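Below is one structure; the comments refer to it alone.
Side-chain atoms are counted along with the backbone in the values below, which use heavy atoms only and exclude waters and symmetry mates. Note that the coordinates shown come from a computational prediction; the quantities given were computed from them, not determined experimentally. Count residues from 1 along the sequence. Atoms within a ligand are numbered from 1 in the order they appear, just like the ligands themselves.
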Amino acid sequence: MKIVVLNGSPKGDNSVTMQYVAFIKKKYSQHEFVICNVAQGIRKLESDNQVFEEITEKVRAADGVVWAFPLYVFLVHSGYKRFIELITERAAQEAFAGKPAAILTTSIHFFDHTAHNYLHGICDDLDMKVYGSYSAGMHDIFKEDARGSLLEFSETFFAAIEGRLPAAKVYPPILNQGSEYVPGSQQRKFDAGGLKVVIVTDAEEYQINLKRMIESMTARFSGQAEVFNLHNVDIKGGCLGCIKCGYDNTCAYSGKDGFIDFYNSRIKNADIIIFAGAICDRYLSSLWKTFFDRAFFNTHMPMLKGKQIGFLISGPFRQLPNLRQIFEGYTEWQEANLAGIVTDEYSESKEIDGLLEEMARQSIEFAKRRYIKPATFLGVGGRKIFRDEIWGQIRFPFAADHKYYKDNGVYDFPQRDYTTRLRNILFGLLIKVPAVRDKLYGGLMITKMVEPYKKLLAKL
Ligand SMILES: Cc1cc2nc3c(=O)[nH]c(=O)nc-3n(C[C@H](O)[C@H](O)[C@H](O)COP(=O)(O)O)c2cc1C
């Protein structure tokens with residue numbers, strides 16, 4: 001069988017993900033694997049349509065396609081995202097339609113599910129037959145059982161292709177049913193009172209609703225919001241994945257383009273940040289993805305901690321719960337507060353007006369009160385993954401993260417919590433005694449559990 005591997009790593013052949021592919025290739029030498037470095041070669045693919053068509057020709061001739069990519073900031077790398085956009089822009093969907101597909105990622109499992117959901121949605125949009133997805137931890141290949149499981153996955157994929165098995169679609173098609181947003185003339189304004197408000201966008205001339213939402217929003221902040229368009233920021237390219245930033249957050253692009261200065265001076269200094277963009281396939285544009293990837297020079301530190309973050313979205317956002325989760329997860333792991341997400345999915349413009357007004361009012365209010373709502377599983381879970389990874393496997397090369405985590409109490413596992421450790425030892429021994437165990441796990445547990453809460457309440 002001929003299998004085309006669409007490589008989503010900016011590092012091309014020198015990619016961790018490609019080592020997993022190489023392992024599969026080694027074990028299934030009867031199949032031909034054609035590897036296309038689409039994320040690394042995105043510049044060429046964009047500028048030279050013939051090179052792009054050579055890839056789609058390979059896909060057309062393939063028995064199966066493997067979307068093999070590393071996780072990049074909740075999703076795929078910006079170059080891969082751009083490749084996905086080109087498929088539609090250049091009307092190449094027909095090369096993918098009906099093709100068997102598999103999704104293979106490497107990552108540290110931080111929001112790997114949102115990337116998988118995204119790519120599965122893209123495959124469904126392209127009418128591909130997704131036979132399976134596999135999320136490998138980036139070091140899994142060193143474990144025998146993980147290698148075995150990867151081979152099981154591969155074999156299942158090849159068998160599904162051979163057997164022409166049916167594949168369930170998971171995501172319904174996205175319907176674009178927007179209506180024009182016409183802002184009302186009566187706009188309530190709020191005084192940001194010295195707070196720094198920035199609106200970052202990638203809005204283009206033709207994106208009328210988005211531009212109007214930004215104008216309305218700026219007006220509501222009494223004209224005190226600064227608007228930055230990513231098209232005007234000097235961004236030389238996407239994240240290289242080189243991890244030069246790991247040591248002291250110096251990006252490989254430092255001194256070579258304007259992104260780091262822009263991020264440090266405009267984003268990090270703001271109190272309220274509004275991200276404004278339009279839906280492009282099942283995410284925002286690849287330019288937005290470049291923004292989020294390039295911000296990785298801050299590595300795994302929540303550099304937007306304490307800020308109010310809002311989103312202005314034009315397009316069918318409500319049909320994309322996965323994207324909502326990305327925004328929520330992003331805000332929570334940043335230890336920031338999600339001040340709201342306003343979209344243009346309302347037939348009545350005054351509803352949008354009202355929501356914009358509320359987002360402006362609330363973000364100012366929350367910023368003044370320094371209110372950050374507690375993280376849910378998304379933020380708590382994400383933080384724990386980073387904590388464990390930086391403590392262990394990836395402390396080198398992420399030296400700056402390790403220092404930050406030490407200095408800021410991120411290493412909060414119960415290593416120094418001696419009271420808890422002592423209690424665990426004591427009760428661990430006590431519950432081995434049947435009579436005590438019966439008593440504790442009987443009626444006593446419920447009353448004992450709330451006892452400290454009651455004591456605290458009595459004091460408050
Ligand atoms: C800029 C950047 C962003 C990343 N974002 C994520 C992420 O959101 N979630 C995750 O689990 N791993 C993330 N990773 C880790 C990579 O996915 C992981 O190291 C992967 O194995 C790299 O594969 P590659 O060598 O094929 O590019 C990120 C790494 C980099 C450099």
Side-chain angles (χ1 to χ4, degrees), residues 5-24 35-42 66-81 103-119 133-142 146 150 237-247 249-253 259-260 263 283 289-303 322 325-334 378-379 381-390 392-398 400-401:
V5 178
L6 297 171
N7 177 9
S9 173
K11 295 183 284 177
D13 296 336
N14 284 325
S15 124
V16 168
T17 315
M18 284 308 107
Q19 308 318 304
Y20 285 70
V21 171
F23 173 64
I24 299 170
I35 296 170
C36 307
N37 293 332
V38 295
Q40 190 187 44
I42 193 61
V66 180
W67 296 87
F69 60 94
L71 248 288
Y72 261 64
V73 195
F74 298 76
L75 208 83
V76 300
H77 181 266
S78 60
Y80 213 43
K81 172 73 170 70
I103 298 164
L104 169 65
T105 61
T106 64
S107 73
I108 59 167
H109 295 303
F110 176 82
F111 286 84
D112 50 349
H113 68 295
T114 49
H116 277 250
N117 293 345
Y118 168 75
L119 208 75
S133 60
Y134 193 97
S135 175
M138 67 178 291
H139 299 109
D140 279 2
I141 202 165
F142 298 100
L150 182 61
C239 174
L240 304 171
C242 64
I243 317 192
K244 188 172 191 288
C245 51
Y247 179 65
N249 302 111
T250 305
C251 178
Y253 284 100
F259 183 79
I260 296 111
Y263 197 90
Y283 185 76
K289 193 68 201 12
T290 307
F291 171 90
F292 287 114
D293 290 357
R294 286 288 307 274
F296 187 79
F297 74 90
N298 298 295
T299 54
H300 304 89
M301 293 177 245
M303 279 302 140
N322 192 54
Q325 195 173 116
I326 291 174
F327 291 166
E328 288 172 349
Y330 174 79
T331 315
E332 287 189 15
W333 99 256
Q334 285 284 358
L378 305 178
R383 194 175 144 105
K384 282 182 198 285
I385 286 181
F386 284 164
R387 179 195 69 185
D388 291 1
E389 287 289 330
I390 301 296
Q393 285 275 14
I394 62 172
R395 184 183 304 186
F396 165 76
F398 292 105
D401 288 341

Practice prompt. Can you label the angle between the Phe386 ring and the Trp333 ring as parallel, tilted or perpendicular, going by 30° and 60°?
Written response: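 Perpendicular.
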
Worksheet item: In terms of the angle between their ring planes, are Tyr263 and Phe291 parallel, tilted or perpendicular, with boundaries placed at 30° and 60°?
Response: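 Aromatic pair Tyr263/Phe291 classed tilted.
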
For ligand 1, which atoms sit closer than 4.0 Å to a heavy atom of [X]?
X	answer
Phe296	1 (C), 2 (C), 3 (C), 30 (C), 31 (C)
Lys11	24 (P), 25 (O), 27 (O)
Phe74	8 (O)
Cys239	1 (C)
Ile108	10 (C), 11 (O), 12 (N)
His109	11 (O)

Short side-chain donor-acceptor distance under 3.5 Å, [Y] and [X]:
X	Y	result
His300	Glu389	no
Thr17	Ser9	no
Asp112	Ser135	yes
Asn298	Asn249	no

Is the distance between the ring centroids of [Y] and [X] under 6.0 Å?
X	Y	result
Phe111	His113	yes
Phe74	Phe110	yes
Tyr247	Phe398	no

Worksheet item: If you measure from atom 13 (C) of ligand 1 to every heavy atom of Asn14, Leu71, Asp140, which option wins on shortest distance?
Response: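 Shortest heavy-atom distance from atom 13 (C) of ligand 1: Leu71.
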
Nearest-neighbour protein heavy atom for [atom], which is reported as residue plus atom name and distance:
atom	answer
atom 27 (O) of ligand 1	Ser9 OG, 2.7 Å
atom 19 (O) of ligand 1	Met138 SD, 3.2 Å
atom 5 (N) of ligand 1	Val73 N, 2.9 Å
atom 31 (C) of ligand 1	Tyr72 OH, 3.6 Å
atom 22 (C) of ligand 1	Pro70 CB, 3.5 Å

Item to complete: Just let me know how Ser15 lines up against ligand 1, side chain, backbone, both or neither, with a heavy-atom cut-off below 4.0 Å.
Response: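 Both the backbone and the side chain of Ser15 come within reach of ligand 1.
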
Please indicate whether any nitrogen or oxygen in [X] is less than 3.5 Å from any nitrogen or oxygen in ligand 1.
X	value
Phe110	yes
Thr106	yes
Val16	yes

Practice prompt. Work out which heavy atom in Tyr20 is nearest to a heavy atom in Ala136; give both atom names and the distance.
Written response: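 That would be CE2-CB, 3.6 Å.
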
Worksheet item: Do any heavy atoms of Asp112 fall under 4.0 Å from ligand 1?
Response: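 It does not; every heavy atom stays at 4.0 Å or beyond.
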
Discussion item. Using heavy atoms and a 4.0 Å limit, tell me yes or no: is Phe111 in contact with ligand 1?
Written reply: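 In this structure, Phe111 fails to qualify as a contact of ligand 1 - no heavy atom is under 4.0 Å.
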
Worksheet item: Does the distance from a Lys or Arg side-chain N to an Asp or Glu carboxylate O, for Lys384 and Asp388, drop under 4.0 Å?
Response: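 The answer is no: the pair does not qualify as a salt bridge.
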
